[in-house]
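In what follows, chains carry the letters A, B, and so on, assigned in the order in which the sequence lines appear, proteins first and then strands, with residues in each chain numbered from 1. Just so you know, these numbers use all the heavy atoms, side chains as well, and skip hydrogens, waters and symmetry mates. The structure displayed is predicted, hence computed values, not measured ones.
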Amino acid sequence: MGPMFISGEWLPVSFISSRVSQTRVALVDCNNFYVSCERVFDPSLAHRPVVVLSNNDGCIIARSEEAKQLGICMGTPFFECRAHIRQHGVQVFSSNYALYGDMSARVMEILQQFSSRMEVYSIDEAFLDCARGSRENHEVWAAQMRARVLRCTGIPVSIGIASTKTLAKIAARIAKKRPERGGVCILDSCEDCELLLGAIAVEDIWGIGRRYAAMLRRSGIATALKLKHADDGWVRRRLTIQGLRTVMELRGIDCIGLQDMPAPARGIRSSRSFGTPVEDLAHLREALVEYISIAAAKLRSKGLSASAMQVFITTGRHGAGPQYNNAATLTLPTPGDYTPDLIRHGLNVLNRLYRPGYRYRKIGVLFTGLQTACERQLDLFEDSPAADERKKCFMGAVDAINARWGRGTVSFAVPVGAGRGWRMRRRFMSGRYTTCWSELPMVKAC
DNA sequence: TCTGGGGTCCTAGGACCC
DNA sequence: TCTGGGGTCCTAGGACCC
């Protein structure tokens, strides 16, 4: 069956098929994931307020329930709430992605045992296709899943089940907010659904962010229930086709579908804010080389070559002083994944971009026009096959060493004098307990 | 005095997500 | 003093083509 034409737009096939088949999708969401990871390896953190900071110890990005109750908000700059945090004895961690990434992989491996189709949506969430069955069957299935994830990894999860992904997200939210439901919420009957949607604020809907929520509220739409019954044409004009899909999904019509085959990446980026502002070109070059190396390793790990690269530098949006944000894109002579070539091009772009006299806060690189080896257009004048093979062997060796001994064990140098003050701050790091031999947790015998 | 129409491709910017 | 990083999709507008 082909796609269906509705309200001036094509919607996917699933628009029709779902009405007939009444599929069910589950969203499994790890509770306060980063905090939960830290707690697994330090049980003394249980029942205590804990927060995890973003890179560079900038903002609050994860909070335990106790920290939420202290009024600590998501995204708050750390320096603004430091006094509050100290006063209440909140435990603070820098983000430890080596640990969270590995814990995530363990959770996903277990979830996979519960469904033939699964979409890993983010580091702490997955959508699963529910087998056909009664509500009772789904309740048992979800309860088993929660118990097994908790037993095998120590991570608590909430599960929402509904006919569309958008409704499943809402169900999981309800499951998390109302502990009496045992961590599982199934949205199915119409009356039940309408009642619950009336209590969901419009900004808490998946796909409705701050801007859209403000606009909707100004137009008298404050709840998920109101949005569900909004006029299609109006939604289409004000929220684009994406917004119309969200509304359809609230009505129980599947417009997004489960993506169990991950789509190929469209862009690969690496960037960081500096620990302290940087003014001179030499330090910018040093930082850029590092980020190009990271992004290029990611390209190779996915078997991709980039056909264009964008370099961007910024003085940041906050703070006093003159501001300068700029980016420049370069189409590469031939698509590639070879770090030294990419560094050479990147440094040339940076030379064009750099203006002296600014305090830079961030630099980064974005690779686009990604293609797989078999898609790659060959260049009549490019390296000989032997030279190409040498490059491949060389990068393969570098990647293998860095995979075994840690990122940056072997790196590309640029001439630079001073220290590395630009490196990001990570003052509250826990150990890489699961991915680094020297940082395994120790148990003391009494 | 009078100067087309329809299409594709690319990019920048804005919205969203975790 | 101190405000993350890495993604996605959609739209509008410009360049270009016949």
Side-chain angles (χ1 to χ4, degrees), chain A residues 9-10 12 27 29-30 32-34 51-62 73-83 85 92 94-97 100-101 104 119-127 165-166 169 172-173 202-216 236-246 255-256 259 262-277 291 294-295 298 302 307-308 310 312 314-321 325-329 331 359 361-370 421 424-428:
Chain A
E9 296 293 339
W10 292 97
L27 174 69
D29 192 349
C30 300
N32 316 328
F33 182 56
Y34 298 167
V51 298
V52 177
L53 304 178
S54 64
N55 273 336
N56 223 20
D57 294 343
C59 303
I60 309 280
I61 54 165
C73 297
M74 191 73 169
T76 309
F78 178 47
F79 73 89
E80 277 180 12
C81 55
R82 186 177 290 154
I85 277 176
V92 178
S94 301
S95 34
N96 181 347
Y97 288 105
Y100 311 150
S104 171
E119 173 189 347
V120 176
Y121 176 67
S122 73
I123 195 165
D124 68 338
E125 285 168 85
F127 289 103
K165 285 169 134 183
T166 304
K169 289 280 276 188
R173 190 186 169 81
V202 79
E203 47 274 321
D204 294 335
I205 302 168
W206 189 43
I208 305 296
R210 244 200 2 249
R211 302 272 171 138
Y212 283 167
M215 187 276 289
L216 288 168
R236 173 69 184 83
R237 280 195 309 278
R238 305 298 295 270
L239 305 182
T240 82
I241 185 69
Q242 299 260 66
L244 185 57
R245 290 199 184 107
T246 298
C255 292
I256 301 176
Q259 260 101 59
R266 303 178 60 87
I268 288 177
R269 180 192 314 245
S270 177
S271 68
R272 302 282 186 281
S273 295
F274 300 130
T276 51
Y291 303 146
I294 291 171
K298 203 161 172 188
K302 292 171 182 274
S307 53
Q310 182 184 71
F312 48 92
T314 170
T315 52
R317 293 158 299 168
H318 311 281
N325 305 307
N326 208 352
T329 305
T331 302
R359 287 161 62 81
R361 297 222 59 95
K362 184 175 180 176
I363 191 167
V365 63
L366 168 67
F367 290 123
T368 54
L370 306 184
M424 64 176 168
R425 278 191 297 269
R426 295 200 288 195
R427 286 164 294 185
F428 315 101

Mind checking [X] for me? I need base, sugar-phosphate or nothing, with any heavy atom below 4.0 Å counting as a touch.
X: A/Asp124; result: sugar-phosphate
X: A/Arg361; result: sugar-phosphate
X: A/Ile268; result: sugar-phosphate
X: A/Leu53; result: nothing
X: A/Ile205; result: sugar-phosphate
X: A/Ser270; result: sugar-phosphate
X: A/Gly316; result: nothing

Counting only heavy atoms from other residues, nucleotides and ligands, does the tally under 6.0 Å from [atom1] of [X] exceed 12?
X: A/Arg427; atom1: CZ; answer: yes
X: A/Arg425; atom1: CZ; answer: yes
X: A/Arg211; atom1: CZ; answer: no

Could you give the [atom1]-to-[atom2] distance, from [X] to [N], as a whole number of Å?
X: A/Ile294; N: C/dG5; atom1: CD1; atom2: P; result: 11 Å
X: A/Gln310; N: C/dG7; atom1: CD; atom2: P; result: 13 Å
X: A/Tyr100; N: C/dG5; atom1: OH; atom2: P; result: 15 Å
X: A/Arg245; N: C/dC10; atom1: CZ; atom2: P; result: 5 Å
X: A/Asn326; N: B/dT11; atom1: CG; atom2: C1'; result: 15 Å
X: A/Arg272; N: C/dT3; atom1: CZ; atom2: P; result: 16 Å
X: A/Phe312; N: C/dG6; atom1: CZ; atom2: C1'; result: 9 Å
X: A/Asn96; N: C/dG5; atom1: CG; atom2: P; result: 16 Å

Between A/Ala265 and A/Ile61, name the one whose nearest nucleotide on DNA chain C is closer to the 5' end.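 Closer to the 5' end of DNA chain C: A/Ile61.
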Between A/Leu366 and A/Asp57, name the one whose nearest nucleotide on DNA chain C is closer to the 5' end.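 The residue closer to the strand's 5' end, by nearest nucleotide, is A/Asp57.
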Reckon [X] has a side-chain N or O less than 4.0 Å from the OP1 or OP2 of [N]?
X: A/Lys298; N: C/dG7; result: yes
X: A/Ser273; N: C/dG5; result: yes
X: A/Arg266; N: C/dC9; result: yes
X: A/Lys362; N: C/dT3; result: no
X: A/Arg236; N: C/dT11; result: yes

Using purine N1 to pyrimidine N3 plus N6-O4 or O6-N4 for Watson-Crick, or N1-O2 and O6-N3 for G-U wobble, both under 3.5 Å, which nucleotide pairs with B/dG13?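 Pairing partner: C/dC10.
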Among [options], which is the nearest nucleotide to the side chain of [X]?
X: A/Arg269; options: C/dG7, C/dG4, C/dC10; answer: C/dG7
X: A/Phe79; options: C/dC2, C/dT11, B/dC18; answer: C/dC2
X: A/Ser271; options: B/dC17, B/dA15, C/dG6; answer: C/dG6

Closest contact, heavy atoms only, A/Arg361 versus A/Thr315: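 Reported closest heavy-atom pair: CG-O, 3.1 Å.
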Taking all non-hydrogen atoms of both residues, which atom of A/Arg238 and which atom of A/Tyr212 are closest, and how far apart?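 It is O-CE2, 4.1 Å.
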At what distance, to the nearest 0.5 angstrom, does OG of A/Ser273 lie from CD1 of A/Ile363?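 Spacing of OG (A/Ser273) from CD1 (A/Ile363) equals 12.0 Å.
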